[in-house]
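Keep in mind that the numbers below use all heavy atoms, side chains included, and drop hydrogens, waters and symmetry copies. Naming: A, B, ... by sequence-line order, numbering from 1 per chain.
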Number of protein chains: 2
Amino acid sequence: MPLRSDWSEELCPVRRGLDVLGDPWIMLIMREVLHGRSRFEQIRDSIGISDAVLSRRLRLLVEEGLLSKVDYRADRRTHAAYVATEAGADLLPVMHAVSIWAEKHTAMPAGGAHMAIIHEACGNESTTGDACSACGEDLRPEDVSWDKPWKSARERLVGVPAVR
Amino acid sequence: MPLRSDWSEELCPVRRGLDVLGDPWIMLIMREVLHGRSRFEQIRDSIGISDAVLSRRLRLLVEEGLLSKVDYRADRRTHAAYVATEAGADLLPVMHAVSIWAEKHTAMPAGGAHMAIIHEACGNESTTGDACSACGEDLRPEDVSWDKPWKSARERLVGVPAVR
DNA sequence: CGACATACTCTCTTCAAGCAAGTGAGGTGA
DNA sequence: TCACCTCACTTGCTTGAAGAGAGTATGTCG
């Protein structure tokens with residue numbers, strides 16, 4: 001990932017990971033895609049990123065193998081869409097870890113509320129990010145919802161699409 | 001964290017977390033501190049960051065409450081040192097998640113090897129990042145070692161110091 | 001006193017972010 | 001058919017941070 005220094009050859013996995021993940025937009029884009037918002041304008045409008053930066057990040061994410069670009073038909077025309085690959089879907093535990101950390105250690109703004117990670121496969125809230133704290137199974141995007149009380153919404157995530 | 005846009009008032013915890021963690025240096029600095037490398041020059045030399053950037057990041061991390069700056073005497077003089085706070089030590093699951101993701105989804109460079117997370121409290125390797133996959137206990141820095149075969153070293157982490 | 005170490009700060013150049021505007025391919029309405 | 005729209009970008013401009021290197025303030029040692 002040649003945004004700044006190239007750390008892809010580092011021996012320490014933390015550093016290799018940060019080569020890709022050490023950018024504030026990457027995880028936000030992946031979060032949107034895992035929420036099923038797969039089109040350029042959907043992602044742009046939901047996270048407030050500029051066109052230029054989103055365009056570059058999407059290209060990088062496809063190069064790095066976290067997203068794949070697909071065309072699909074809707075509204076009588078062809079749209080570009082970005083869907084998670086296995087590597088992209090596997091970012092879920094990282095997002096969960098960030099979320100759990102932030103809930104514990106950043107100030108909750110006015111109007112905020114606890115976001116619960118719901119493991120739909122067993123029906124319970126998980127308090128850990130990689131394996132469900134209730135049933136012990138790995139948390140896969142397609143089995144997880146994020147309960148966001150400030151939006152009065154429980155949003156089901158989407159994983160790697162079955163057909164490509 | 002006013003490096004770029006300020007996301008500290010965002011309702012979504014992922015975004016609030018990325019306000020602090022969405023920078024490649026932050027996690028690397030915290031990793032060094034959790035390895036007991038607490039002085040300016042130790043951190044600088046082990047991660048290869050410029051003086052100016054390290055200085056700014058350390059100030060930010062103290063402001064954000066992830067590090068605390070302490071003076072200690074060694075070599076007959078007073079040194080500045082940075083030690084993790086509770087919020088800093090709680091980054092360990094995030095680091096583990098990044099590391100596990102990177103081991104699975106980035107190319108292992110020549111000379112690299114699997115880095116095992118050892119839960120010294122039970123003596124086993126954990127394959128998950130927040131609770132030990134072997135015994136189920138939360139992974140706290142003071143109970144964890146990272147086994148780095150490429151350095152032929154098993155490095156014990158350090159948590160929040162008992163005295164401040 | 002001068003040499004040295006530590007923990008920074010300052011200066012300079014390069015490059016990305018953020019904002020705004022433009023572009024081109026495809027589709028739509030009159 | 002031709003102006004107009006939407007989508008998914010690209011281009012240009014300005015500001016500001018990164019990275020590299022040199023300088024500086026404080027304290028210690030001989």
Side-chain angles (χ1 to χ4, degrees), chain A residues 1-8 10 15 18-29 32-33 36-64 67-83, chain B residues 1-8 10 15 18-29 32-33 36-64 67-83:
Chain A
M1 181 121 142
L3 268 179
R4 303 185 194 284
S5 328
D6 181 7
W7 293 347
S8 63
E10 294 283 334
R15 193 140 178 173
L18 291 173
D19 187 48
V20 179
L21 306 177
D23 172 282
W25 295 117
I26 294 296
M27 201 100 70
L28 288 177
I29 293 169
E32 294 310 309
V33 171
R37 290 186 272 277
S38 54
R39 279 175 35 199
F40 192 94
E41 300 213 324
Q42 290 177 314
I43 299 169
R44 184 192 58 192
D45 296 344
S46 48
I47 66 179
I49 190 176
S50 78
D51 288 12
V53 176
L54 179 55
S55 175
R56 181 172 359 179
R57 289 299 184 284
L58 288 172
R59 199 171 337 116
L60 276 169
L61 285 166
V62 170
E63 276 172 26
E64 296 287 330
L67 291 179
S68 58
K69 186 175 183 177
V70 295
D71 290 341
Y72 77 101
R73 284 201 70 83
D75 318 325
R76 301 190 162 217
R77 53 172 294 181
T78 304
H79 294 269
Y82 296 86
V83 294
Chain B
M1 180 120 146
L3 270 179
R4 304 186 193 283
S5 327
D6 181 7
W7 294 346
S8 62
E10 293 283 334
R15 192 139 177 174
L18 291 173
D19 186 49
V20 179
L21 307 177
D23 173 280
W25 296 116
I26 294 296
M27 202 99 72
L28 288 178
I29 293 169
E32 293 310 309
V33 171
R37 289 186 273 277
S38 54
R39 281 176 31 199
F40 192 94
E41 301 212 324
Q42 289 177 315
I43 299 169
R44 184 192 60 192
D45 295 344
S46 47
I47 67 178
I49 189 175
S50 78
D51 288 12
V53 176
L54 178 56
S55 176
R56 184 177 349 184
R57 290 297 184 285
L58 289 172
R59 201 173 332 117
L60 277 169
L61 285 166
V62 170
E63 277 172 27
E64 297 285 330
L67 290 180
S68 58
K69 186 176 181 177
V70 295
D71 290 340
Y72 77 102
R73 286 202 68 84
D75 318 324
R76 302 194 160 216
R77 54 171 294 176
T78 305
H79 293 268
Y82 296 86
V83 294

Measure [atom1]/[X] against [atom2]/[N] and give the value in whole Å, please.
X	N	atom1	atom2	value
A/L54	C/dA17	CG	C1'	14 Å
A/R56	C/dC19	CZ	P	15 Å
B/F40	D/dA25	CZ	P	17 Å
A/K69	D/dC7	NZ	P	16 Å
A/L28	C/dA17	CG	P	14 Å
A/D23	C/dC15	CG	P	18 Å
A/D45	C/dC19	CG	P	14 Å
B/L60	D/dA17	CG	C1'	12 Å

Between B/W25 and D/dG19, does any side-chain N or O lie under 4.0 Å from OP1 or OP2? yes
Check whether any side-chain nitrogen or oxygen of A/Y82 sits under 4.0 Å from OP1 or OP2 of D/dC9, and answer yes or no. yes
Nearest-0.5 Å distance that lies between atom CG in B/L58 and atom CZ in B/F40: 6.5 Å
Quick one: pull up CD1 in B/I26 and CD in B/E64 and give me the separation to the nearest 0.5 Å. 8.0 Å
Side chains of [X] and [Y]: does their closest heavy-atom pair fall under 4.5 Å?
X	Y	value
A/E63	A/L60	yes
A/L18	B/W25	no
A/Y82	A/L61	no

Selected nucleotide, minimal atom distance to [X] side chain, candidates [options]:
X	options	value
B/R57	D/dA8, D/dA17, C/dA17	D/dA17
A/E41	D/dA8, D/dC9, C/dC8	D/dA8
A/H79	D/dC7, C/dT9, C/dA17	D/dC7

B/S/- along nucleotides 23-30 of chain C (protein heavy atoms under 4.0 Å) is ----SS--
Applying salt bridge (charged side-chain N to carboxylate O under 4.0 Å, His left out), name anything that partners B/D45, two or more places apart in sequence or on another chain. none
Tell me every residue that passes salt bridge (charged side-chain N to carboxylate O under 4.0 Å, His left out) with A/R39, counting only those two or more places apart in sequence or in another chain. none
For DNA chain C, what is the dot-bracket line, given that a base pair needs Watson-Crick (N1 to N3, plus N6-O4 or O6-N4) or G-U wobble (N1-O2 and O6-N3) geometry with both distances under 3.5 Å, and | means paired with another strand? ||||||||||||||||||||||||||||||
Sequence neighbours left out, what passes side-chain hydrogen bond (donor to acceptor under 3.5 Å, both in side chains) with [X]? Give chain and number order.
X	result
A/S50	none
B/R73	B/T78
A/E10	none
A/S55	none

Heavy-atom closest pair, residues A/W7 and A/D19: N-OD1, 3.0 Å
Of all of residues 46-53 of chain B, which get a heavy atom below 4.0 angstrom from DNA chain C, listed by number? B/D51, B/A52
Answer with base, sugar-phosphate or nothing: what part of the nucleic acid does B/R44 contact at a heavy-atom distance below 4.0 Å? nothing
